[in-house]
Amino acid sequence: TKMRPLVARHPRIHAESQNLIVGCSTLTIFLPNTAGAQESLPNPSIDSVIVDVDQQGTPGCVLWIVKDGTLVYFRGYGLADLDSKVPIGAETVFAVGSRTKQFTAAAVLKASLQGHLSLDDDIRTWLPEFPEYERPITVRHLVHHSSGIRDVVQLMAVGDLPADMNVEQILALLARQRALNFLPGESILYSNGGYALLALIVERATGLTIDGYLQREFFGPLDMAHTQYGEREERVQSRATGYRIDEDQVHPVLREDGVPGILTDSHDMARWISALESDQMGQPGFRDAMLQRGVLNSGDSTHYAFGLDRMVYRGVPVYRHGGAGGGFRAGMAVYPEDDLAMFAMCNLGQLDAVQRLWQVTEILLGDRLEAEESQPSTPYQMMHPPPPGEPPLLSADELGEFAGRYYGPELGVDFMVRVEREGLRVGPEGWMRPMVPLAIDMFGQGPGWAEIRFQRDEQGLITGFIMDIGRVSGLIFERLNER
């Protein structure tokens with residue numbers, strides 16, 4: 001495949017230059033010579049990372065590696081679409097899931113620098129429909145996942161709500177939530193809902209759709225002609241189909257799961273990452289601003305910057321992010337001290353792109369990595385751990401006391417509670433899950449993944465229950481009169 005040149009990080013690389021207009025300023029983008037790519041790295045070792053998907057007739061991945069501003073490795077593995085047998089290549093368009101967050105965060109940052117909004121705005125300035133909680137939530141809280149807002153993907157899953165909700169519907173769902181997971185700025189908990197709200201804030205502050213604003217400020221100037229935010233009326237050319245494996249069979253995923261996101265190809269993704277790392281995003285210092293960590297009320301810094309996760313991997317600084325949804329997986333990692341960047345995009349939900357990039361890191365930076373410390377696995381942290389001791393053994397009659405129909409006003413759905421063997425089955429029709437007794441009036445699923453605590457009135461009658469599940473704490477359910 002003939003590749004478009006990439007944006008180089010340093011002008012010292014032998015390159016030709018191209019002028020791009022961004023706003024009222026002109027950028028000089030250095031485009032490296034990609035001749036000889038794949039010659040300087042141990043290709044067989046890197047190929048081995050995705051050898052299990054390098055087969056005839058399967059979905060697959062694309063993997064790019066840029067070193068010192070030069071493309072040094074590219075390869076597509078598998079098929080973009082199983083029906084048409086089109087192979088995955090540099091022009092194949094993927095959905096990138098939560099990797100969309102860095103694009104949303106870049107739009108928020110640019111809009112703040114242009115004076116459309118302030119990072120310290122109360123979000124109700126732009127989202128007056130949102131409830132007023134004990135403390136105001138700011139735009140900055142949303143950026144750094146410190147808002148306490150419940151995760152919208154989790155809410156949609158537990159309520160068995162439509163997976164193709166638009167942003168306005170997501171806002172309505174989040175606005176029905178009576179409480180937060182924690183007070184704004186007190187902690188950090190990943191929230192897809194927070195970033196859905198950020199996209200809507202950008203739209204209301206700039207007067208453009210989030211896709212239109214990104215096109216004007218970034219995608220157009222960076223020549224990212226095959227990148228867009230969300231769906232458009234016309235079908236995207238060269239778009240891969242997302243797949244998942246169910247019962248050992250590969251099935252296409254017919255709709256995106258959850259929040260709308262970025263669609264892009266490898267050329268455009270390489271341009272985006274290289275422009276960010278070279279601080280050529282339209283304003284000097286933009287890269288450093290994107291990498292600014294969040295700060296909690298305690299003064300402690302968080303690991304999460306502007307849509308980018310900053311960490312030290314076995315002694316080596318890296319900023320990275322993964323994404324998943326709709327039968328797609330994606331990951332990127334940039335090692336600034338090593339002038340090394342890589343990304344992978346896959347069209348099979350079971351292919352962990354992030355894990356594959358860690359394996360590539362082992363190959364390329366093995367001599368720089370510190371020894372990996374073995375850590376014992378720990379169970380999921382329960383919101384309200386049960387008291388010590390054996391859980392109660394309940395008879396069918398005792399379990400029957402909890403059975404009935406309950407209404408969740410924050411989800412707008414009914415939940416059924418039914419007796420099943422030695423426990424309960426809880427959830428909306430079509431999403432009922434087994435729950436086992438953990439303590440008096442407390443049931444759970446798995447190692448603390450989901451738990452419910454039944455509430456009683458002064459007469460001891462059950463009036464409802466509170467649910468904690470994943471990134472959602474304190475969901476209210478009220479018992480209906482019927483049994």
Side-chain angles (χ1 to χ4, degrees), residues 98-99 101-102 104-106 108-109 112-113 117-125 130 132-154 174 177 179-198 201 276-277 285-323 331-337 354 358 369-370 372-373 375-385 448 468-474:
S98 284
R99 284 211 49 219
K101 289 179 173 62
Q102 65 192 263
T104 304
V108 170
L109 179 58
S112 72
L113 294 173
L117 59 87
S118 168
L119 296 175
D120 296 315
D121 282 343
D122 184 331
I123 64 170
R124 298 182 73 249
T125 302
F130 217 71
E132 186 173 0
Y133 295 112
E134 181 179 344
R135 295 182 190 172
I137 300 169
T138 67
V139 174
R140 196 185 301 274
H141 286 140
L142 297 182
V143 169
H144 299 300
H145 292 305
S146 59
S147 68
I149 288 175
R150 294 167 173 169
D151 185 72
V152 70
V153 174
Q154 191 83 69
L174 291 175
Q177 306 308 300
L180 302 172
N181 286 328
F182 48 80
L183 291 175
E186 289 295 312
S187 186
I188 178 172
L189 185 64
Y190 194 86
S191 174
N192 289 294
Y195 265 76
L197 296 179
L198 284 174
I201 287 172
L276 177 62
E277 180 60 5
F286 196 86
R287 172 188 179 274
D288 291 342
M290 283 283 289
L291 293 176
Q292 187 176 51
R293 300 174 186 267
V295 179
L296 300 178
N297 297 340
S298 64
D300 294 336
S301 295
T302 73
H303 60 85
Y304 205 84
F306 279 69
L308 295 165
D309 196 2
R310 291 185 60 185
M311 60 183 294
V312 176
Y313 177 66
R314 295 174 59 182
V316 180
V318 58
Y319 63 87
R320 41 81 57 195
H321 212 290
M332 64 157 281
V334 176
Y335 297 87
E337 291 185 358
V354 172
W358 291 137
L369 300 178
E370 296 176 356
E372 190 168 13
E373 297 182 6
Q375 296 181 343
S377 61
T378 56
Y380 189 91
Q381 181 66 42
M382 299 187 73
M383 299 282 188
H384 302 275
D468 297 330
I469 178 167
R471 297 173 184 148
V472 174
S473 174

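FYI, side chains are in, hydrogens and waters are out, and symmetry mates aren't considered; it's all heavy atoms of this structure.
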Legend entry - Flag side-chain contact, heavy atom, 4.5 Å: Y304 against V143: no

Inset, instruction - Indicate whether any N or O donor in one side chain lies under 3.5 Å from an N or O acceptor in the other, for S98 and Y190. - result: yes

Inset, instruction - Using the test salt bridge (Lys or Arg N to Asp or Glu O under 4.0 Å), find all partners of R314 that sit at least two apart in sequence or belong to another chain. - result: E362, E372

Inset, instruction - Scan side-chain atoms only and decide if Y319 and E277 contain a donor-acceptor pair under the 3.5 Å cut-off. - result: yes

Inset, instruction - State, yes or no, whether a side-chain contact exists between H145 and T302 at a heavy-atom distance under 4.5 Å. - result: no

Inset, instruction - With sequence neighbours left out, write down each residue that passes side-chain hydrogen bond (donor to acceptor under 3.5 Å, both in side chains) with D309, or none if nothing qualifies. - result: H303, R320

Legend entry - Side-chain touch V152/L174, heavy atoms, less than 4.5 angstrom: yes

Legend entry - Pair K101-T104, side-chain donor/acceptor within less than 3.5 Å: no

Inset, instruction - Could you check if a side-chain atom of F130 sits within less than 4.5 angstrom of a side-chain atom of I123, using non-hydrogen atoms only? - result: yes

Legend entry - Candidate list I188, I137, L197, test side-chain contact (heavy atoms from CB on, under 4.5 Å), partner S147, passing option: I137

Inset, instruction - Please examine the side chains of E134 and L183, heavy atoms only from C-beta on, and report whether any two atoms are closer than 4.5 Å. - result: yes

Legend entry - Y133: side-chain hydrogen bond (donor to acceptor under 3.5 Å, both in side chains) partners, not counting sequence neighbours: none

Inset, instruction - Name all residues meeting the side-chain hydrogen bond (donor to acceptor under 3.5 Å, both in side chains) criterion together with R135; count only those two or more places apart in sequence or in a different chain, and write none if there are none. - result: E186

Legend entry - Partners passing salt bridge (Lys or Arg N to Asp or Glu O under 4.0 Å) against D120 (at least two apart in sequence or in another chain): R140

Legend entry - Heavy-atom side-chain contact between F182 and L189 under 4.5 Å: yes

Inset, instruction - Return yes if a side-chain donor-acceptor contact under 3.5 Å exists between Q154 and R471, otherwise no. - result: no

Inset, instruction - Indicate yes or no for a side-chain donor-acceptor contact from D151 to the backbone of N192 under 3.5 Å, with no hydrogens or angles considered. - result: yes

Inset, instruction - Using side-chain contact (heavy atoms from CB on, under 4.5 Å) as the criterion, list what pairs up with S146, not counting sequence neighbours. - result: H141, H144, L296

Inset, instruction - State, yes or no, whether a side-chain contact exists between V334 and L308 at a heavy-atom distance under 4.5 Å. - result: no

Legend entry - Heavy-atom check, side chain of L180 versus side chain of R150, under 4.5 Å: no

